[in-house]
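Protein chains get the first letters and strands the later ones, always in sequence-line order, with residue 1 at the start of each.
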Amino acid sequence: MEEKTTTPSHFIRTIIREDKKNGKNDGRVHTRFPPEPNGYLHIGHAKSICLNFGMAEEFDGKCNLRFDDTNPEKEEVEYVESIKEDVRWLGFDWEDREYYASDYFEQLYEFAIELIKKGKAYVDHLTPDQIRKYRGTLTEPGKNSPYRDRTVEENLELFEKMRNGDFGEGECVLRAKIDMASPNINMRDPALYRIKKAHHHRTGDKWVIYPMYDFAHALSDAIEHITHSLCTLEFEDHRPLYDWCVENVSAPSRPVQIEFARLNLSYTVLSKRKLLQLVREKYVDGWDDPRMPTISGFRRRGYTPESVRDFSERIGVAKKDSIVDLSLLEFCLREDLNKRAERRMAVLRPLKVVIENYPEGQTEELDAVNNPEDDSMGMRKVPFSREIYIERTDFMEDPPKKFFRLYPGNEVRLRYAYFITCTDVVKDENGEIIELRCTYDPASRGGNSPDGRKVRGTIHWVSVPHAVDAEVRLYDNLFKKPDPDDVDEGRTFLDNINPNSLEVVNTKAEPAIGEVQAGDNFQFERMGYFVADKKEHTSGKPVFNRSVTLRDTWAKISKK
RNA sequence: UGGGGCGUAGCCAAGCGGUAAGGCAGCGGCCUUUGGAGCCGCGACGCGCAGGUUCGAAUCCUGCCGCCCCAGCCA
């Protein structure tokens with residue numbers, strides 16, 4: 001059905017395909033995306049979302065959205081709302097399967113009781129500090145807690161007291177009784193429940209004990225009959241514990257955990273802790289600042305869901321730690337927008353040009369195509385007059401070799417308009433160029449000369465009397481180094497923040513720009529892709545964010 | 001140095017015993033009313049290293065080396 005036969009294979013797809021072929025789980029494929037609502041989702045989560053929902057879609061299965069909300073101290077409804085919005089924006093639908101680990105608290109509590117009754121869990125009154133010491137080290141085994149052999153009755157009673165709030169935070173925990181000498185530290189009697197007298201965003205003050213990740217996550221998967229529980233590499237050595245939880249309780253199903261490498265992207269950070277810090281300490285303007293690698297940041301930056309999904313597909317899924325080039329993400333956006341974004345002309349840094357032989361007071365409308373890649377997107381009219389603005393960088397008084405743009409005596413084409421030749425340069429008392437004088441060839445209307453004369457350069461322009469003012473935000477990478485964490489002793493990633501990640505310019509745009517809607521994507525010819533800012537753009541005061549520049553061959557040539 | 005993982009081109013990534021896919025980046029060229037787009041071409045003599053098995057090894061075996069993760073009552 002898909003014409004795309006190049007879908008790259010990856011190990012998870014292979015496993016699921018095999019399972020389905022062998023009739024495992026009755027051929028059912030059920031995944032889940034399990035975010036903790038303690039921050040905004042970032043591009044790394046997008047990879048996971050695309051994988052989980054993608055596998056479900058591909059194998060005719062389902063994917064749940066489940067909030068892993070077992071730590072009330074860090075979780076907020078603002079985060080769950082943003083997460084839902086982001087998943088939806090990416091184009092995925094969890095239908096009626098919006099779940100919360102907190103929905104299962106009662107059931108999980110019962111599972112814990114079951115463990116206690118089987119003699120596989122106990123209430124430990126060691127202090128947090130003692131527990132750490134008893135745990136041993138990477139090379140030395142741990143020691144059993146003196147409370148490890150409490151009777152089932154005693155544990156049952158104590159656990160109920162924990163639930164009833166009879167103990168204070170940190171006084172005791174419920175622990176799995178596994179093996180304090182296990183070479184896998186996660187198996188040295190891990191905590192299953194701890195006391196937290198905090199308000200939970202959904203269950204309010206109903207509970208004072210909360211299940212730990214390993215216990216809650218594995219059993220939530222089992223409760224939802226998840227078949228393939230996909231998570232990242234750092235949980236690899238939690239898998240024995242995941243299995244232990246599911247096997248030692250009368251779980252309704254037997255899910256399997258499979259781990260893959262998380263995404264890292266050059267020139268940015270993807271750790272919730274660091275992103276939170278950037279927001280809290282105001283290095284950026286919120287979670288959706290267009291420089292943030294959050295999904296909401298990319299959305300506001302002008303990225304399309306299609307481009308993000310394409311990116312997720314192209315990076316692949318494997319178990320190798322990796323840092324993907326930002327250039328791949330940018331490529332995906334350009335490729336998408338090239339075919340879909342209408343073109344407009346906007347002069348970012350204006351330089352006035354007076355066309356001396358063009359009649360004063362005259363105005364005409366020229367035809368411009370909206371997208372040379374797609375004729376169905378039609379044409380528009382662009383007004384022309386004696387005075388226009390051109391890009392400052394499109395003029396050089398003393399140009400280097402291979403500079404095809406405007407310079408004294410040179411002729412260039414004004415896109416969709418006329419050939420002009422620079423005749424004079426006007427400067428102010430400081431020697432600053434403030435205006436150019438040019439002449440035009442009336443016969444070259446539309447951009448071609450009947451005598452077949454060729455020009456090497458074509459530049460964009462905007463008619464002075466018709467120009468619309470717009471604020472344009474030029475974004476650059478938030479960090480100076482490909483790896484922001486590459487720092488000297490005593491320094492942090494914050495020292496690698498790029499001080500020039502945002503430049504705001506007042507630009508002159510063609511009048512058609514006055515009609516755009518917030519969120520619309522455009523290509524400003526020769527400059528890049530821009531989006532009308534979702535929050536601040538109005539028809540009265542247009543505001544655009546640069547999503548990504550165009551590939552700039554000239555920049556490479558001029559650097560040599 | 002206990003356990004768990006991973007090492008294929010600058011960055012991703014296929015490959016699973018038969019003689020190194022693909023993408024991004026980069027570099028040439030063609031074309032062009034965006035120095036955009038598009039099109040064509042170029043990169044491993046080699047798959048962390050060293051041995052071994054085999055007619056044949058990135059793929060199997062052995063030994064090294066390097067990198068990542070784990071000692072939260074975080075997820």
Figure out the [atom1]/[atom2] separation between [X] and [N], and round it to whole Å.
| X | N | atom1 | atom2 | result |
| --- | --- | --- | --- | --- |
| A:Asp189 | B:C73 | CG | P | 12 Å |
| A:Glu373 | B:G36 | CD | C1' | 9 Å |
| A:Glu525 | B:U32 | CD | P | 18 Å |

Ignoring backbone atoms, establish whether [X] has a side-chain N or O less than 4.0 Å from OP1 or OP2 of [N].
| X | N | value |
| --- | --- | --- |
| A:Lys320 | B:U8 | yes |
| A:Lys556 | B:G35 | no |
| A:Arg334 | B:G36 | no |

From [options], pick the nucleotide closest to the side chain of [X]?
| X | options | result |
| --- | --- | --- |
| A:Leu233 | B:G36, B:A75, B:G5 | B:G5 |
| A:Arg405 | B:A14, B:G35, B:U34 | B:G35 |
| A:Asp68 | B:A75, B:G5, B:A14 | B:A75 |
| A:Ile315 | B:C74, B:C12, B:A25 | B:C12 |
| A:Arg551 | B:G26, B:C24, B:C73 | B:G26 |
| A:Arg135 | B:C12, B:G23, B:A71 | B:A71 |
| A:Asp325 | B:G10, B:C74, B:C12 | B:G10 |
| A:Met212 | B:G23, B:G35, B:C73 | B:C73 |

So, A:Glu234 versus A:Thr232: side-chain donor-acceptor pair below 3.5 Å or not?
-> yes
Nucleotide paired to B:U62 in any strand shown, Watson-Crick or G-U, under 3.5 Å =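 Paired with B:U62, as far as the under-3.5 Å criterion goes, is B:A50.
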Can you tell me the Watson-Crick or wobble partner of B:G41, both distances under 3.5 angstrom?
-> B:C27
Note: A:Arg32-A:Glu224 ion pair, threshold 4.0 Å (strictly below) = no
Taking syn as within 90° of 0 and anti otherwise, name the glycosidic form of B:G41.
-> anti
Atom pairs, N/O to N/O, protein against nucleotides 1-3 of chain B, distance under 3.5 Å?
unit_1: B:G2; atom_1: N9; unit_2: A:Leu138; atom_2: O; d: 3.1
unit_1: B:G2; atom_1: N2; unit_2: A:Pro183; atom_2: O; d: 3.4
unit_1: B:G2; atom_1: N3; unit_2: A:Leu138; atom_2: O; d: 3.2
unit_1: B:G3; atom_1: N2; unit_2: A:Asp237; atom_2: OD2; d: 2.7

Do you know which of A:Leu192, A:Asn155, A:Leu158 makes side-chain contact (heavy atoms from CB on, under 4.5 Å) with A:Ile116?
->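 Answer after filtering A:Leu192, A:Asn155, A:Leu158: A:Asn155.
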Is the ring centre of A:Trp554 under 5.5 Å from the base ring centre of B:G35, and are the two planes under 30° apart, so that they stack?
-> yes
Would you mind reporting whether A:Asp367 and A:Lys381 have side-chain heavy atoms less than 4.5 Å apart?
->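 SC-SC contact between A:Lys381 and A:Asp367 confirmed.
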